[in-house]
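The block underneath contains the structure these notes are about, expressed in structure tokens.
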Amino acid sequence: MTKKRIITIIGARPQIIKSSALSRAIRTSFADKIEEVIVHTGQHYDENMSNVFFEEMEIPKPNYNLNVGSGSHGAQTAKMMEGLEKIFLEEKPDAVVIYGDTNSTMAGALAAAKIHIPVVHIEAGLRSFNKAMPEEINRISSDHMSTLLFTPTKTGITNLANEGFSMDLKKSATIDQPNVYLCGDVMYDNSLYFSEISDKKSTILKDLDLTKDDYVLCTIHRDSNTDKKENINAIFEALCNIQEKSGLTVLLPIHPRTKGKMNELLNEDLKQKIDSNQKIKIVPPAGFLDIIALEKNARIIVTDSGGLQKEAFFFEKPCVILREQTEWVEIVKNGNAILTGSNYTEIMKAFETLMTEKNYSYPTFYGDGKAAEFICSKIVEDLA
Ligand code: UD1
């Protein structure tokens, strides 16, 4: 049997991280069946938003980097598509693998589907039902251009069924007759795999002078939270109040988008309040081993990141979700997390509720830690 040749598209931080699980499964169990070519679009380019992950997460160096950098949605996506199409025509892959919901995801799907290369979408089927989010547009369009759809949750299956996807499995899937699978979450694979390595290698707690349960881990990067003056001010006002009321340190590894917007949009008195509070620590974005260590030892997590809200669940931490909706509805329904948007009162209320609740349960919503192996087996079996 000839090897299946796949091109993996990565670009933004979360998909670099996600891709590690599949590269590892190929290396350990499918080296004789799958050959992987990696293309980095260059959507994220700062050292600590991109390079840091390759080494620590054992991800092969990209074969290509398009270096598209930042830009408006249209400009960024168009540049990616142009570069990707050229590579696809040259490399002639059997399939293109895309992750999640970023502009790199949609650019990969569109460029491949138009020239009849099957698209494999990992993290398919998730919906926020809010099309004002650029990610929602990316998710829906990518799913409808895919030939193999791998969804991490039962909710993803329901969403795809509601959009008309058939759940019948075909021997050879096509874009018109795609195969949809429930496979668990590759991020659960990664969290299990890297948890022990993080315990051994990460020194971040010591470096930042933190101890178990004495801090709130917080991340903010959604444009709806960072780019509106009222929202970014409400969130930081709440963080200051959380720090003062609880006495816990608030640790914020900061996304470059947020750093820029804090300078531009925060009220002067709030900026001063943050600067003068020693227990509000703003640090550079963390690598994966460090973020796992920070998640495992935090008292509670406050975030608008899809990844962090789920990792909070994996490591059994309550989570305030700074969004109006989530694609990971299970953790909210199960009471492990509360949605607050950027509303000051809601954030404070959720923080207090989650800090006092004691009876949390953690059902297995996200598979068995072997999602990547399952995906590889279907890539080998299903693509004609
Ligand atoms: C993107 C994804 C989002 C994902 C997030 C993870 C889209 C539409 N959004 O959002 O779904 O959750 O990545 O981080 O694809 N910047 C830098 N250095 C970098 C990268 C970005 O300074 O390495 C700054 C630039 O000012 C840039 C801004 O951050 O304009 C936003 O970057 P962009 O890639 O457009 O979106 P993210 O907010 O990172």
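We're numbering straight along the sequence, starting at 1. Numbering of ligands and ligand atoms starts at 1, following listing order. Since the structure is predicted, the reported quantities are computational estimates derived from the model, not experimental observations. Heavy-atom basis, side chains included; hydrogens, waters and symmetry copies ignored.
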Which of the atoms in ligand 1, numbered in the order shown and given with their element, are less than 4.0 Å from a heavy-atom of [X]?
| X | result |
| --- | --- |
| Met49 | 23 (O) |
| Ser70 | 25 (C), 27 (C), 30 (O) |
| Pro14 | 6 (C) |
| His73 | 8 (C) |
| Asp101 | 11 (O) |

Looking at [Y] and [X], is any side-chain nitrogen of the basic one under 4.0 Å from a carboxylate oxygen of the acidic one?
| X | Y | value |
| --- | --- | --- |
| Arg27 | Glu36 | no |
| Asp227 | Arg257 | yes |
| Glu136 | Lys131 | no |
| Arg139 | Glu327 | yes |

Which residue and non-hydrogen atom of the protein lie closest to [atom], and at what distance in Å?
| atom | result |
| --- | --- |
| atom 8 (C) of ligand 1 | Asn103 OD1, 3.4 Å |
| atom 20 (C) of ligand 1 | His44 CD2, 3.3 Å |
| atom 7 (C) of ligand 1 | Gln43 NE2, 3.6 Å |
| atom 3 (C) of ligand 1 | Glu135 OE2, 3.2 Å |

Worksheet item: Relative to ligand 1, is Arg257 under 4.0 angstrom through side chain, backbone, both or neither, heavy atoms considered?
Response: both
Worksheet entry | Heavy atom of Gly260, distance to ligand 1 below 4.0 Å | no
Item to complete: Go through the structure and list residues passing side chain to side chain contact (heavy atoms under 4.5 Å, CB included) with Ala350, not counting sequence neighbours.
Response: Val320, Ile338, Thr340
Can you confirm, on distance only, whether ligand 1 has an N/O atom lying under 3.5 Å from any N/O atom belonging to [X]?
| X | answer |
| --- | --- |
| His255 | yes |
| Thr102 | no |
| Asp46 | yes |
| His221 | yes |

Worksheet item: How far apart are the closest heavy atoms of Lys271 and Leu266, and which atoms are they?
Response: CE-O, 3.7 Å
Worksheet item: Using the ring of each side chain (for Trp, its six-membered ring), is Phe150 parallel, tilted or perpendicular to Tyr181, with breaks at 30° and 60°?
Response: parallel
Response to the item:
Sorted by chain and residue number, the side-chain hydrogen bond (donor to acceptor under 3.5 Å, both in side chains) partners of Lys18 (sequence neighbours excluded) come out as Glu123
Discussion item. Quick one about Glu330 and Asn334 (side-chain donor to acceptor, distance below 3.5 Å, no hydrogens or angles considered), yes or no?
Written reply: no
